[in-house]
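Protein chains get the first letters and strands the later ones, always in sequence-line order, with residue 1 at the start of each. Nothing here was measured: the structure is a model prediction, and the numbers come from that model.
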Amino acid sequence: GENVEQHPSTLSVQEGDSAVIKCTYSDSASNYFPWYKQELGKRPQLIIDIRSNVGEKKDQRIAVTLNKTAKHFSLHITETQPEDSAVYFCAATRGSQGNLIFGKGTKLSVKP
Amino acid sequence: NAGVMQNPRHLVRRRGQEARLRCSPMKGHSHVYWYRQLPEEGLKFMVYLQKENIIDESGMPKERFSAEFPKEGPSILRIQQVVRGDSAAYFCASSPVQVVDQPQHFGDGTRLSIL
């Protein structure tokens, strides 16, 4: 079935460094790829998304790249801050439906 | 503009009881998605509904689970005869139209604990 793989599962960086999280997907019909940030005990919050007709999107310190040929997409966070510490999930739409298939998450720790 | 509202935030049930989880989508949104999150794991799709219609229930167990989104009122996820394995956080998300690249905004979730 459709699948989204996410790596790494944990990531620890020093404040000010960059963090990169990578995802691959299996459904070639997927055309929408959101990223969510989830703090402990809270809801997933959409931080950035990208559609299949775009290769890269940036919003301040956060950027996402998409390679449809290789079926992978990545989240880049620059100048990390302690408040960036959370679990980050990538997701891809399942074919022609709107429901999302999520990766298993990356726990990001930013050390002051 | 109120976001997606879910209640209750926490629900405790004994094995064999029924659990009802409610979700009111954002204003103007007519599409609702339910996801389940086990501890330390990602979200798993359960069911996708439009007003008075189930669009996709492929992620929902065939037995004991049901969902509805009536013309009036919130969407309801119903779990009958709950078991310990049903303990999880259940999140609801909504989107405005049936377009696959529309952002989904999540509610705060219902944390279900089965004793």
Exercise for review: Just give me the residue among B:K44, B:Q104, B:Q37 that pairs up with chain A most often, heavy atom to heavy atom, under 4.5 Å.
Suggested key: B:Q104
Exercise for review: Check whether more than 12 heavy atoms from other residues, nucleotides or ligands sit under 6.0 Å from atom CD of A:E83, and answer yes or no.
Suggested key: yes
Exercise for review: Please check if atom CG in A:L40 has more than 12 non-hydrogen atoms from other residues, nucleotides or ligands closer than 6.0 Å.
Suggested key: no
Which atoms of [X] approach chain B - backbone, side chain, both or neither, heavy atom under 4.5 Å:
X: A:D49; result: side chain
X: A:Q6; result: neither
X: A:Y36; result: side chain

Point to revise | Pair A:F73-A:W35, ring-ring contact (aromatic ring centres under 6.0 Å, His included): steps then yes or no | key: CA-CA 10 Å; A:F73 55 116; A:W35 286 87; 5.6 Å; yes
Practice item. Measure from the ring center of A:H72 to the ring center of A:Y25 and say whether it is less than 6.0 Å. Key: no
Check your understanding: Taking the six-membered ring for Trp, are B:F106 and B:Y33 ring centroids under 6.0 Å apart?
Key -> no
Check your understanding: Taking 4.0 angstrom as the limit, do A:R61 and A:D84 come out as a salt bridge?
Key -> yes
Practice item. Using a strict cut-off of less than 4.0 Å between a Lys/Arg side-chain nitrogen and an Asp/Glu carboxylate oxygen, indicate whether A:K58 and A:E56 qualify as a salt bridge. Key: no
Review point. Which of residues 62-81 of chain B have a heavy atom under 4.5 Å from any heavy atom of chain A?
Key: none
Practice item. Would you please classify the geometry between the A:F102 ring and the A:F89 ring as parallel, tilted or perpendicular, with 30° and 60° separating the classes? Key: perpendicular
Practice item. Name the region of B:D56, side chain, backbone, both or neither, that has any atom closer than 4.5 Å to a heavy atom of chain A. Key: side chain
Check your understanding: If you tally heavy-atom pairs under 4.5 Å against chain B, which of A:S30, A:A91, A:G105, A:P44 wins?
Key -> A:P44
Exercise for review: Taking all heavy atoms of B:R14 and all of B:Q17, pick out the closest pair and write down the distance.
Suggested key: N-OE1, 2.8 Å
